[in-house]
Amino acid sequence: MDAIKAAATQSVFREVNERVRDLNNAVGYMDIGDLDECFTCECARQDCKEHLMMNLDAYEEIRRVPTHFGVAPRMSHVFQDIERIFETFRGYWVVEKFGEAGLAATELDPRLRPRPGLTLT
Ligand SMILES: [Zn+2]
């Protein structure tokens with residue numbers, strides 16, 4: 001697995017999930033408690049179509065660390081040459097990228113760059 005390419009793929013899925021979270025926030029879904037939301041698997045497989053069910057608190061816990069990604073809870077969604085399993089839950093696993101993949105994931109973290117429309121002038 002190419003570490004940089006894998007990190008880039010996973011970062012695209014992470015961007016999708018960030019938009020989902022933003023949209024849910026915009027329509028006030030956060031007010032309905034800790035119901036599970038549907039997120040996209042953030043594994044390195046470009047053709048992955050798996051979805052993960054987790055509440056927003058769990059999602060935020062993953063996003064707190066730029067090298068962490070949420071993936072479907074099976075080894076076919078983990079690439080051990082570029083990441084390790086950090087934590088396992090019933091509906092999803094958290095993987096932690098290391099080495100070049102970890103650096104790339106950090107550089108591509110949408111939360112570490114200014115958001116469009118939110119830049120200060
Ligand atoms: Zn996957």
Side-chain angles (χ1 to χ4, degrees):
M1 175 68 61
D2 180 290
I4 304 298
K5 189 174 171 189
T9 298
Q10 289 178 281
S11 296
V12 169
F13 290 131
R14 177 169 59 188
E15 295 271 0
V16 169
N17 284 334
E18 286 288 272
R19 296 293 84 77
V20 168
R21 186 199 60 128
D22 287 349
L23 287 170
N24 287 347
N25 283 347
V27 296
Y29 280 5
M30 283 185 80
D31 294 336
I32 57 176
D34 60 356
L35 290 179
D36 282 353
E37 309 264 350
C38 185
F39 291 98
T40 298
C41 177
E42 298 175 338
C43 81
R45 288 168 38 191
Q46 287 183 319
D47 62 343
C48 183
K49 302 280 193 292
E50 292 273 342
H51 290 101
L52 317 174
M53 298 303 292
M54 71 178 82
N55 65 41
L56 278 171
D57 286 346
Y59 177 74
E60 289 298 322
E61 187 64 26
I62 294 172
R63 278 295 78 83
R64 222 167 41 78
V65 183
T67 54
H68 286 188
F69 292 85
V71 302
R74 292 186 298 285
M75 288 310 295
S76 56
H77 297 263
V78 178
F79 298 87
Q80 292 182 287
D81 52 335
I82 57 167
E83 63 199 8
R84 66 177 69 88
I85 296 170
F86 180 78
E87 206 165 4
T88 61
F89 297 93
R90 194 166 60 88
Y92 65 95
W93 290 354
V94 179
V95 297
E96 180 178 60
K97 311 198 79 57
F98 53 76
E100 280 189 327
L103 290 173
T106 301
E107 283 176 15
L108 294 169
D109 188 342
R111 295 199 178 183
L112 297 179
R113 66 173 184 257
R115 306 285 294 271
L118 296 178
T119 51
L120 299 173
T121 54

Measure across [X] and [Y] and return the closest heavy-atom pair with its distance rounded to 0.1 Å.
X	Y	answer
Ile82	Ala6	CD1-CB, 3.2 Å
Ile85	Val78	CG1-CG1, 4.1 Å
Pro66	Arg14	O-NH1, 2.8 Å
Thr9	Ala44	CG2-O, 3.6 Å
Ala104	Ile4	CB-CD1, 4.0 Å
His77	Cys43	O-CB, 3.3 Å

If hydrophobic clusters are built from ILVMFWY residues whose side chains come within less than 4.5 Å, do [X] and [Y] share one?
X	Y	value
Val71	Val12	no
Leu108	Leu103	no
Leu56	Val20	yes

Contact between [X] and [Y] at the side-chain level, heavy atoms closer than 4.5 Å - yes or no?
X	Y	value
Lys5	Gln46	yes
Thr40	Leu52	no
Met54	Phe89	no

- [ ] Before giving the answer on side-chain contact (heavy atoms from CB on, under 4.5 Å), spell out for Cys48 and Glu42 the whole-Å C-alpha distance, their side-chain angles and the decisive distance to 0.1 Å.
- [x] CA-CA 8 Å; Cys48 183; Glu42 298 175 338; over 6 Å; no
Task: Whether Asn17 side chain and Phe39 backbone form a donor-acceptor pair below 3.5 Å - done: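 The answer is no, because no donor-acceptor pair under 3.5 Å joins these two groups.
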Open item on the list: Checking side-chain polar atoms at under 3.5 Å, does Tyr92 have a donor or acceptor matched by the opposite partner on Glu87?
Closed with: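 Note: Tyr92 and Glu87 side chains miss the donor-acceptor criterion.
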TODO: Run the salt-bridge test on Arg21 and Glu37 with the 4.0 Å N-O cut-off and return the result as yes or no.
DONE: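 Salt bridge absent between Arg21 and Glu37.
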- [ ] Inspect the contact between Glu60 and Arg63 and indicate whether a charged nitrogen and a carboxylate oxygen are less than 4.0 angstrom apart.
- [x]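 Looking at Glu60 together with Arg63, the answer is no, because their closest N to O distance does not fall below 4.0 Å.
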Enumerate, atom names and distances included, each donor-acceptor pair closer than 3.5 Å involving a side-chain atom of residues 93-102, sequence neighbours excluded.
{"residue": "Glu96", "atom": "OE1", "partner": "Arg84", "partner atom": "NH1", "Å": "2.8"}
{"residue": "Glu96", "atom": "OE2", "partner": "His68", "partner atom": "NE2", "Å": "3.1"}
{"residue": "Lys97", "atom": "NZ", "partner": "Gln10", "partner atom": "OE1", "Å": "2.3"}
{"residue": "Lys97", "atom": "NZ", "partner": "Glu83", "partner atom": "OE1", "Å": "2.6"}

Open item on the list: Set out, in order, the CA-CA distance, both residues' side-chain angles and the distance that settles salt bridge (Lys or Arg N to Asp or Glu O under 4.0 Å) for Arg111 and Glu18, then state yes or no.
Closed with: CA-CA 9 Å; Arg111 295 199 178 183; Glu18 286 288 272; 2.7 Å; yes
